[in-house]
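Just below is one structure, and these are the notes that go with it.
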Amino acid sequence: MISLTINGKAHELDIDPDTPLLWALRDELNMTGTKLGCGMALCGACTVHMNGSPIRACSLPISAAAGAKIETIEGINSPAFQAVQQAWRELDVVQCGYCQSGQIMSATALLQTNKKPTDAEIDEAMSGNLCRCATYHRVRGAIHQAAEKLGGKV
Ligand code: FES
């Protein structure tokens, strides 16, 4: 039995401890907002937060997530997330949408630790999130807009 805390709620899962966190989220807990992309921690579609930091859920065994605070796109609601969500809508960032929950989770993690990121800091923080629709320019613009809106509150 593995105990996980996801979006503030405790869960007990009777599955193999080597199961990737992504499968626990999607198949056991029906949280399908976190996507499977490459399955090798290379594309960022499966990004969630563990203790506030972005991690790739496709490659993290649930045993490594036990006792940690996990947040997913379904549950995160920090001021940084709200500003990111609003900027994403205003700048119409999304194209096909597949990569976007991962993009949003990485952008939120960045703004939770860096109130006014530069272009270089944004590019570095977002470098693990690939977008086959090439929305990178709008992602960067939306992160700047969200940072402005937050005005130092994260
Ligand atoms: Fe289509 Fe990023 S919006 S993959």
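Note that ligands are numbered from 1 as they come in the structure, with each ligand's atoms numbered from 1 the same way. All residue numbers refer to positions in the sequence shown, counting from 1.
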- I55: partners by side-chain contact (heavy atoms from CB on, under 4.5 Å), with sequence neighbours left out: L21, V48, M50, L60
- Message: Can you list everything that forms a side-chain hydrogen bond (donor to acceptor under 3.5 Å, both in side chains) with N51? Sequence neighbours excluded, please.
- Response: none
- Can you check whether P117 reaches I143 side chain to side chain, under 4.5 Å on heavy atoms? yes
- Message: So, at under 2.8 Å, which protein N, O or S atoms would a careful student list around atom 1 (Fe) of ligand 1?
- Response: C96 SG, C133 SG
- Message: The criterion is side-chain hydrogen bond (donor to acceptor under 3.5 Å, both in side chains); which residues satisfy it with D123, sequence neighbours excluded?
- Response: R140
- Taking side chain as C-beta onward, heavy atoms only, is H49 less than 4.5 Å from I70? no
- Query: Between E90 and K149, does at least one N-O distance fall below 4.0 Å, as a salt bridge requires?
  - Reply: yes
